[in-house]
Amino acid sequence: QVHLAESGGDSVQAGGSLRLSCAATGNTYRNFCLGWFRQALGKEREWVASHCTATGSSYYDDSVKGRFTISQDAPKDTMNLQMSSLKPEDAAMYSCALAPGRPVFPLLTDERVYTYWGQGTRVTVSS
């Protein structure tokens, strides 16, 4: 069993930056992919970005490419999502999720690939 806990959500103005973190505890896996998803009010959950430990590769949705960066603090089993140039449309509940093994892109954009989920952290962006 893996427990994921997100942190870092806050309220910022458009153009600002935030750093979200996802800490994994419990029975961690040697190889896994961790993804960030977000769900805005009244909308479906959408994939944002993923990072896979086996390859060290990161993947981003076009809407955040160039503005968001996902990185891993391996000793701490923590995955971070650095968000910059935030827009009002980035406002959402952000959740991290873990997929054991070596799933490949574009499967990583499918939430069904992920086994474990955190509770989420809210990001608000004011214009």
Side-chain angles (χ1 to χ4, degrees):
Q1 190 73 14
V2 175
H3 178 70
L4 301 176
E6 303 94 336
S7 62
D10 205 344
S11 179
V12 297
Q13 290 190 328
S17 299
L18 275 178
R19 188 189 197 202
L20 306 183
S21 294
C22 176
T25 57
N27 296 326
T28 56
Y29 296 84
R30 179 178 180 180
N31 294 311
F32 62 91
C33 294
L34 194 134
W36 284 96
F37 289 77
R38 66 186 180 186
Q39 186 169 20
L41 291 174
K43 296 187 176 181
E44 293 187 353
R45 185 160 55 189
E46 62 179 10
W47 173 75
V48 176
S50 294
H51 178 81
C52 296
T53 60
T55 61
S57 298
S58 298
Y59 308 91
Y60 302 91
D61 182 75
D62 287 344
S63 65
V64 305
K65 198 172 294 183
R67 300 187 299 120
F68 290 13
T69 303
I70 190 170
S71 62
Q72 183 186 12
D73 293 338
K76 299 180 181 179
D77 287 334
T78 299
M79 197 78 72
N80 304 306
L81 184 68
Q82 180 68 44
M83 307 186 296
S84 60
S85 301
L86 284 162
K87 306 175 182 180
E89 51 263 42
D90 294 319
M93 178 70 79
Y94 283 73
S95 299
C96 63
L98 188 147
R102 303 185 179 199
V104 297
F105 185 82
L107 294 178
L108 291 170
T109 66
D110 188 340
E111 61 182 65
R112 295 171 296 180
V113 169
Y114 299 84
T115 304
Y116 305 99
W117 289 81
Q119 293 298 309
T121 185
R122 185 165 294 282
V123 172
T124 303
V125 183
S126 58
S127 58

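Heavy-atom basis, side chains included; hydrogens, waters and symmetry copies ignored. As the structure is a prediction and not an experimental result, all values here were calculated from the model.
Put simply, the side chain of Ser85 never gets that close to the backbone of Arg67: no donor and acceptor are under 3.5 Å apart. Judged by distance alone, with hydrogens and angles left aside, the side-chain atoms of Thr53 form a donor-acceptor pair with the main-chain N or O of Phe32 at under 3.5 Å. Put simply, the side chain of Glu6 gets close to the backbone of Gly120: a donor and an acceptor are under 3.5 Å apart. At least one donor-acceptor pair under 3.5 Å links the side chain of Thr121 to the backbone N or O of Gly9.
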Q: Could you walk me through whether Asp61 and Val48 pass the side-chain contact (heavy atoms from CB on, under 4.5 Å) test, one step at a time?
A: CA-CA 5 Å; Asp61 182 75; Val48 176; 5.6 Å; no

Q: Starting from the C-alpha separation in whole Å, work towards a yes-or-no answer on side-chain contact (heavy atoms from CB on, under 4.5 Å) for Val123 and Met83.
A: CA-CA 10 Å; Val123 172; Met83 307 186 296; 3.8 Å; yes

Q.
Quick one, Asn80 with His51, criterion side-chain contact (heavy atoms from CB on, under 4.5 Å). Give me CA distance, side-chain angles, the key distance, then yes/no.
A. CA-CA 10 Å; Asn80 304 306; His51 178 81; over 6 Å; no

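Within the 4.5 Å cutoff, the side chain of Arg38 has heavy atoms near those of the Val64 side chain. Tyr29 has its side chain within reach of Val2: a pair of non-hydrogen atoms, C-beta onward, lies under 4.5 Å apart. With a 4.5 Å cut-off on side-chain heavy atoms, Glu111 and Arg45 count as touching.
Asp90 contributes atom CG, which lies 10.0 Å from atom CG of Leu18 (distance to the nearest 0.5 angstrom). Here CE of Met79 is found 11.0 Å from OG of Ser21. Values are rounded to the nearest 0.5 Å. Distance OG1/Thr69 to CG/Leu81: 8.0 Å, rounded to 0.5 Å. Here the OG1-NE2 distance, from Thr25 to His3, works out to 5.0 Å after rounding to the nearest 0.5 Å. Separation of atoms OG (Ser58) and CD (Gln72) is listed at 9.5 Å; rounding is to 0.5 Å. Considering CG of Asp73 and OG of Ser71, their distance stands at 6.0 Å, rounded to 0.5 Å.
Taking every heavy atom of both residues into account, Ala40 and Ala92 meet most closely at N-CB, 3.7 Å. Here the shortest heavy-atom pairing between Leu108 and Tyr114 reads O-OH, 2.7 Å. Scanning both residues, Cys22 and Leu34, for their nearest heavy atoms gives SG-CD1, 3.8 Å. Closest heavy-atom contact between Ala24 and Leu4: CB-CD2, 3.7 Å. Taking each heavy atom of Thr115 and Pro100 in turn, the nearest pair found is OG1-CD, 3.4 Å. Closest approach of Trp36 to Leu20, counting heavy atoms only: CH2-CB, 3.7 Å.
Under the 4.5 Å side-chain heavy-atom criterion for grouping Ile, Leu, Val, Met, Phe, Trp and Tyr, Tyr60 is connected to Val125 within one hydrophobic cluster. Residues Leu107 and Tyr116 fall into different hydrophobic clusters, defined by Ile, Leu, Val, Met, Phe, Trp and Tyr side chains chained together at heavy-atom separations under 4.5 Å.
Under the salt bridge (Lys or Arg N to Asp or Glu O under 4.0 Å) criterion, no residue pair touches residues 114-127, with sequence neighbours excluded.
In Gln119, the CD atom is not crowded: 12 or fewer heavy atoms of neighbouring residues, nucleotides or ligands sit closer than 6.0 Å.
Take Ser57 and apply the side-chain contact (heavy atoms from CB on, under 4.5 Å) test, not counting sequence neighbours, and it matches Thr55, Tyr59. With sequence neighbours left out, Ser126 forms a side-chain contact (heavy atoms from CB on, under 4.5 Å) with Gln13.
Results of the ring pair (Phe, Tyr, Trp, His ring centres under 6.0 Å) test with Trp47 over Phe105, Phe68, Tyr94 single out Phe105 as the only residue that passes.
Judged by the 6.0 Å and 45° rule, Arg112 forms no cation-pi pair with Trp117.
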